[in-house]
Amino acid sequence: MATSDVINERVGELDPSRRVLLGPGPSDVSDRVLRAMAMPTIGHLDPEYLVIMNETCDLLRAVFQTENELTLAVSGTGSAGMEACVCNLIEPGDEMIVCINGVFGGRMQDVAERCGAVVHTMEVPWGEIFEPSAIADMLAKHPKTKAVGFVNAETSTGAYQPIPEISKVVHDAGALVLVDAVTSLAGMDLRIDEWGVDACYSGTQKCLSCPPGLAPVTFSPAAAKVIDERRSKVQSWYLDMTMVRRYWGDERFYHHTAPINMTYALREALRIVVEEGLADRVARHALNHRALRAGLEAMGLRYIPESSLTTLNAISIPDAVEDAVVRGRLLKEFGIEIGGGLGPFKGKAWRIGLMGTASTERNVILVLSALSSVLGSIGAKVDTDAALPAAMGVFGAG
Ligand SMILES: *Cc1c(COP(=O)(O)O)cnc(C)c1O
């Protein structure tokens with residue numbers, strides 16, 4: 001058995017490298033957020049912490065563009081936000097329509113089935129999006145549907161699913177709109193109230209540029225009413241909003257110990273978003289995406305068809321280029337992380353995120369230069385000289 005001296009020698013003080021995080025999340029975290037996290041831990045019922053919770057909720061409402069009272073940060077990552085939205089709205093036997101065009105719609109189906117929902121899935125090929133009329137047809141076929149769930153920004157394919165038209169057909173059928181906004185909140189335009197979203201979740205480590213660990217959620221008054229009128233207990237004790245909201249609300253009823261320092265981090269990340277302004281932040285993501293796209297396409301790389309997110313760029317890996325070799329060299333030689341493909345895109349796609357703090361002109365130039373260098377050195381059939389001028393052209397015009 002190893003003595004503590006031996007372990008101490010082998011396991012040194014933590015010293016992770018500074019990476020440039022341009023994958024599908026986590027994204028780069030600013031020093032301001034890291035400093036906020038390092039502030040003294042106080043009690044989860046300390047009056048000072050209760051003020052911090054309230055401020056965090058106010059900031060979340062501003063960033064979600066909502067007046068929803070039931071808006072808070074679930075303890076857990078984006079997937080916990082997904083479970084929180086689904087398990088609070090769904091009771092065993094309820095019908096739910098889930099739209100699947102990538103990994104995360106598939107995950108939502110799994111979550112809904114575990115909550116006892118009778119799930120009607122709608123599928124289109126990965127990368128494509130859903131027509132509101134198709135969803136209306138599905139609702140006509142299943143008139144008892146309680147909620148329709150879909151992904152606004154499908155991180156596995158780059159597909160952007162517009163919200164307002166779908167909200168209309170779902171509300172016309174008397175159902176609730178449940179949206180995954182993990183890769184859109186604070187990076188792309190997202191208007192919870194104006195667009196009629198009833199339940200929405202996100203994660204801290206994508207466009208909010210905060211470490212992973214919290215899941216912002218918001219429920220409309222209609223969704224809150226459904227939760228109030230449940231006949232059965234919420235299937236998950238931990239994510240039960242009827243209890244969690246008593247802790248975040250005036251009652252301060254103890255439910256579980258909130259991750260105090262993560263709340264500090266989220267509060268600071270949200271302050272940064274509000275300081276920049278949502279419109280300017282969305283415009284920054286759009287400009288940097290356009291420049292990266294111009295550079296990649298000038299090299300001869302192709303986007304996954306219909307990939308149009310400004311927060312995540314999903315591109316096809318050129319023929320005869322080995323995925324792992326290129327991503328490994330980007331990380332080792334340049335400290336840059338980009339993402340590989342998932343599911344049917346495994347080994348076939350790269351996913352380059354430009355999220356939050358990481359969406360900068362500097363990172364666009366950096367990743368284009370690094371990719372040109374690596375692809376050029378392995379003899380890939382790409383035009384390595386074309387990328388930078390194309391991107392600079394966009395910045396010059398922007
Ligand atoms: C990342 C992601 C999730 C899951 O979030 P985790 O923080 O990894 O649990 C869900 N939906 C989408 C669209 C995502 O990009």
Side-chain angles (χ1 to χ4, degrees), residues 78 81-83 85-86 89-90 93-185 188-202 219-220 222-223 226 303-312 314 316 341-345 349 351:
M82 180 190 288
E83 294 223 46
C85 286
V86 174
L89 296 180
I90 293 295
D94 284 345
E95 294 181 38
M96 178 171 176
I97 292 174
V98 176
C99 303
I100 303 175
N101 58 349
V103 165
F104 296 103
R107 185 174 297 183
M108 197 189 292
Q109 173 193 5
D110 190 358
V111 167
E113 284 173 353
R114 287 166 193 247
C115 294
V118 176
V119 179
H120 308 297
T121 56
M122 294 182 63
E123 294 194 39
V124 293
W126 277 44
E128 294 181 16
I129 59 171
F130 294 88
E131 287 303 324
S133 61
I135 293 174
D137 291 346
M138 192 70 173
L139 282 158
K141 235 189 274 169
H142 302 287
K144 290 209 294 255
T145 297
K146 189 177 195 182
V148 176
F150 62 93
V151 179
N152 180 214
E154 187 38 272
T155 323
S156 59
T157 68
Y160 178 78
Q161 179 71 57
I163 296 175
E165 298 79 6
I166 294 184
S167 280
K168 189 174 179 318
V169 302
V170 173
H171 287 156
D172 286 350
L176 297 169
V177 176
L178 196 166
V179 174
D180 177 322
V182 176
T183 297
S184 48
L185 181 72
M188 297 183 75
D189 199 15
L190 177 70
R191 306 171 187 211
I192 295 302
D193 290 0
E194 194 182 321
W195 292 352
V197 177
D198 293 295
C200 185
Y201 59 90
S202 192
F219 294 89
S220 71
V226 164
Y303 272 64
I304 302 288
E306 296 212 49
S307 167
S308 60
L309 297 181
T310 59
T311 51
L312 184 106
S316 296
L342 295 174
F345 290 168
R351 294 180 301 149

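If you're wondering where the values come from, they're calculated on a predicted model, not measured in any experiment.
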For Asp180, the option from Val151, Thr155, Asn152 that meets side chain to side chain contact (heavy atoms under 4.5 Å, CB included): Val151

Leu178 vs Tyr201 side-chain heavy atoms within contact, under 4.5 Å: yes

Side chain to side chain, Leu89 and Lys146, heavy atoms closer than 4.5 Å: no

Side chain proximity check, Lys144 to Val118, heavy atoms < 4.5 angstrom: no

Val177 side chain near Phe150 side chain, heavy-atom distance below 4.5 Å: yes

Pairs flagged by salt bridge (Lys or Arg N to Asp or Glu O under 4.0 Å) wherever residues 96-110 is involved - sequence neighbours left out: Asp110-Arg114

Residues which pass ring pair (Phe, Tyr, Trp, His ring centres under 6.0 Å) with Tyr160, listed by chain and number, not counting sequence neighbours: none

Side-chain heavy-atom pair Ser316, Phe345 within 4.5 angstrom cut-off: no

Any donor-acceptor N/O pair, Ser202 side chain to Ala181 backbone, under 3.5 Å: yes

Under 3.5 Å donor-acceptor pairs involving side-chain atoms of residues 127-142, not counting sequence neighbours:
from, atom 1, to, atom 2, distance (Å)
His142, ND1, His120, NE2, 3.3

pair Met82-Val182: side-chain heavy atoms closer than 4.5 Å: no

Donor-acceptor pair, side chain of Ser156 and main chain of Val103, under 3.5 angstrom: yes

Ile163 side chain near Leu190 side chain, heavy-atom distance below 4.5 Å: yes

Stepwise side-chain contact (heavy atoms from CB on, under 4.5 Å) check, Arg351 with Leu342: CA-CA 10 Å; Arg351 294 180 301 149; Leu342 295 174; 3.6 Å; yes

